[in-house]
Number of protein chains: 2
Amino acid sequence: MPPNIQTGFRALADPTRRDILHLLAGGEQTIAGLTTHFDMTRAAVKKHLNVLSDGGLVTTRTQGRERLNALDPNGLEPLRDWIGFFEQFWDEKLSNLKSAIESKD
Amino acid sequence: MPPNIQTGFRALADPTRRDILHLLAGGEQTIAGLTTHFDMTRAAVKKHLNVLSDGGLVTTRTQGRERLNALDPNGLEPLRDWIGFFEQFWDEKLSNLKSAIESKD
DNA sequence: TTGAAGTGATACCAAAAGGTACCCCATAAA
DNA sequence: TTTATGGGGTACCTTTTGGTATCACTTCAA
C-alpha cells in the first residue's frame with residue numbers, strides 16, 4: 001500500500017499510533033520496547049506499526065534479531081501541507097476582522 | 001463531544017469528509033447541495049457532517065428552513081500544530097545532511 | 001391548506017478496525 | 001544444546017464505522 005494522504009490521515013486517527021510517533025521522536029525502538037508503554041499485546045502494537053508504515057510515517061531496519069522502528073517525518077509533510085491549504089481561510093478571517101476594525105471610524 | 005485532537009484527526013481520516021471540507025472552502029452549502037457531489041444519500045452526508053462538527057471543523061447556522069454548513073478553519077489549527085511538532089525532525093534531517101556535506105572535504 | 005423542499009433522527013446491515021490468543025521462526029546467551 | 005528473547009503472521013472476536021431506508025418535523029409557495 002503506497003503512502004498517500006488517505007493512509008497517512010488514517011494512521012493519525014488512532015491515539016495509540018500518535019503516541020507511538022511521539023515515542024519514536026525520542027529515538028528508534030523495538031516493538032518490545034514500545035509495548036512496555038501500552039496496555040496491550042505486542043501483536044496489537046505490531047498492527048499499529050503496520051498502519052504507520054503503510055502511511056509512510058515509520059520505517060524499520062534490522063539489526064541482529066532486533067527490528068528497530070524509526071520515525072519517518074517525510075510522511076508527515078504532505079499531511080501538514082494538506083491542512084496548510086486551509087490556512088488561507090483563517091488568515092482571511094483575520095484580515096476580515098482587521099479591516100472591520102480599521103473601518104470602524 | 002468537545003473538539004480535540006482525537007475528534008479532529010478522526011474527522012480527517014475519511015476521504016468523503018476531506019472532500020466536504022474542500023467544497024465548503026468554496027462557501028457555505030446546505031446538505032442537499034453537498035449531497036449532489038457524492039454517490040450517497042443525504043443521511044450519509046449528514047452523518048459525515050456530524051463527525052466534522054464534532055471535530056470542530058464545520059459550523060452550522062439556520063436560515064429559514066435551510067441549514068448552512070460552513071468551514072471552521074479554527075478546528076484545523078491544532079491539528080496542523082500537532083504535526084508541526086515533528087517538523088524539527090525533518091529539519092534536523094536536513095541539517096544533518098548539510099553538515100555531512102560540509103564536512104566532506 | 002395542500003404539497004413539495006430541506007432537515008434531523010434512528011433502526012438496521014455489512015464491512016472495517018482494534019485487540020487477543022496462538023503458532024512458528026530466528027538469534028543471542030546460558 | 002537448551003532456553004529465553006525478539007519478531008512475523010493469522011484465525012477469531014467484539015466494537016466502531018460508513019451507508020441505507022424510513023419516519024417525523026418545519027417552512028415556503030401555490
Side-chain angles (χ1 to χ4, degrees), chain A residues 1-24 27-72, chain B residues 1-24 27-72:
Chain A
M1 204 174 307
N4 53 32
I5 296 283
Q6 173 55 35
T7 56
F9 275 126
R10 161 155 143 60
L12 293 188
D14 184 271
T16 299
R17 288 195 288 267
R18 292 196 305 276
D19 287 346
I20 289 176
L21 291 183
H22 274 131
L23 288 169
L24 293 183
E28 294 178 310
Q29 289 202 43
T30 64
I31 294 187
L34 287 171
T35 302
T36 63
H37 298 291
F38 300 99
D39 185 27
M40 65 182 72
T41 64
R42 181 179 56 78
V45 174
K46 167 62 177 171
K47 279 194 178 182
H48 284 303
L49 282 171
N50 285 339
V51 177
L52 287 166
S53 177
D54 286 345
L57 306 181
V58 163
T59 56
T60 303
R61 67 186 180 93
T62 302
Q63 187 179 53
R65 71 172 158 180
E66 289 187 340
R67 299 269 294 163
L68 291 172
N69 302 278
L71 176 66
D72 184 0
Chain B
M1 203 173 309
N4 53 31
I5 296 284
Q6 174 55 34
T7 56
F9 275 126
R10 160 152 144 61
L12 293 189
D14 183 273
T16 299
R17 288 194 289 268
R18 292 196 304 277
D19 287 346
I20 288 176
L21 291 182
H22 273 131
L23 287 169
L24 293 182
E28 294 178 311
Q29 289 203 43
T30 64
I31 294 187
L34 287 170
T35 303
T36 63
H37 297 293
F38 300 99
D39 186 25
M40 65 183 71
T41 65
R42 181 180 56 79
V45 174
K46 166 62 175 170
K47 279 196 177 181
H48 284 304
L49 282 171
N50 284 340
V51 177
L52 287 166
S53 176
D54 286 346
L57 307 181
V58 163
T59 57
T60 303
R61 68 186 179 91
T62 301
Q63 188 179 52
R65 71 177 157 179
E66 288 187 342
R67 297 270 294 164
L68 290 172
N69 302 280
L71 176 67
D72 185 0

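To find a chain, count down the sequence lines: A is the first, B the second, and so on, and within it residues start at 1. Computed over heavy atoms, backbone and side chain alike; hydrogens, waters and symmetry mates excluded.
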With nearest nucleotide decided by heavy atoms, which residue, A/Val51 or A/Gln63, maps closer to the 5′ end of DNA chain C?
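Mapping each residue to its closest nucleotide by heavy atoms, the 5'-most match is A/Val51.
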
Check: [Y] and [X] side chains under 4.5 Å, non-hydrogen atoms:
X	Y	value
B/Leu68	B/Gln29	no
B/Arg42	B/Ile31	yes
A/Leu23	A/His37	yes

Give me the residues of residues 4-21 of chain B where at least one heavy atom lies under 4.0 Å from an atom of DNA chain D, by number, or none.
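Heavy-atom contacts with DNA chain D come from B/Arg10, B/Asp14, B/Arg17.
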
Please list, in numerical order, the residues of residues 38-48 of chain B that have a heavy atom closer than 4.0 Å to any atom of DNA chain D.
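DNA chain D contact set from residues 38-48 of chain B: B/Met40, B/Thr41, B/Ala43, B/Ala44, B/Lys47, B/His48.
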
Whole-Å distance separating the [atom1] atom of [X] from the [atom2] atom of [N]:
X	N	atom1	atom2	value
B/Leu49	D/dG18	CG	P	13 Å
A/Ile31	C/dT27	CD1	P	16 Å
B/Arg67	D/dC25	CZ	P	18 Å
A/Arg65	D/dA4	CZ	C1'	8 Å
A/Leu68	D/dG8	CG	P	11 Å
A/Leu52	C/dA17	CG	C1'	14 Å
B/Leu34	C/dG6	CG	P	13 Å
B/Asn50	C/dT7	CG	P	13 Å

Among all residues two or more places apart in sequence or in another chain, which pass the ring pair (Phe, Tyr, Trp, His ring centres under 6.0 Å) test with A/His22?
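By the ring pair (Phe, Tyr, Trp, His ring centres under 6.0 Å) rule, A/His22 matches B/Trp82, B/Phe85, B/Phe86.
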
Is it the case that B/Arg67 and B/Thr62 place a side-chain donor and acceptor less than 3.5 Å from each other?
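On atom types as modelled, these side chains qualify, holding a pair under 3.5 Å.
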
Test item: side-chain donor near acceptor, B/Asn69 and B/Thr60, under 3.5 Å
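Note: B/Asn69 and B/Thr60 side chains meet the donor-acceptor criterion.
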
Between NE2 of A/His48 and CG of A/Leu34, what distance do you get to the nearest 0.5 Å?
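A/His48 atom NE2 to A/Leu34 atom CG measures 11.5 Å (nearest 0.5 Å).
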
Which is it for A/Asn4 and A/Thr7 under the side-chain hydrogen bond (donor to acceptor under 3.5 Å, both in side chains) test, yes or no, and what are the steps along the way?
CA-CA 6 Å; A/Asn4 53 32; A/Thr7 56; 3.0 Å; yes

Checking A/Arg10 side chain against A/Leu52 main chain: does a donor-acceptor pair fall under 3.5 Å?
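Between the backbone of A/Leu52 and the side chain of A/Arg10 there is no qualifying donor-acceptor contact (under 3.5 Å).
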
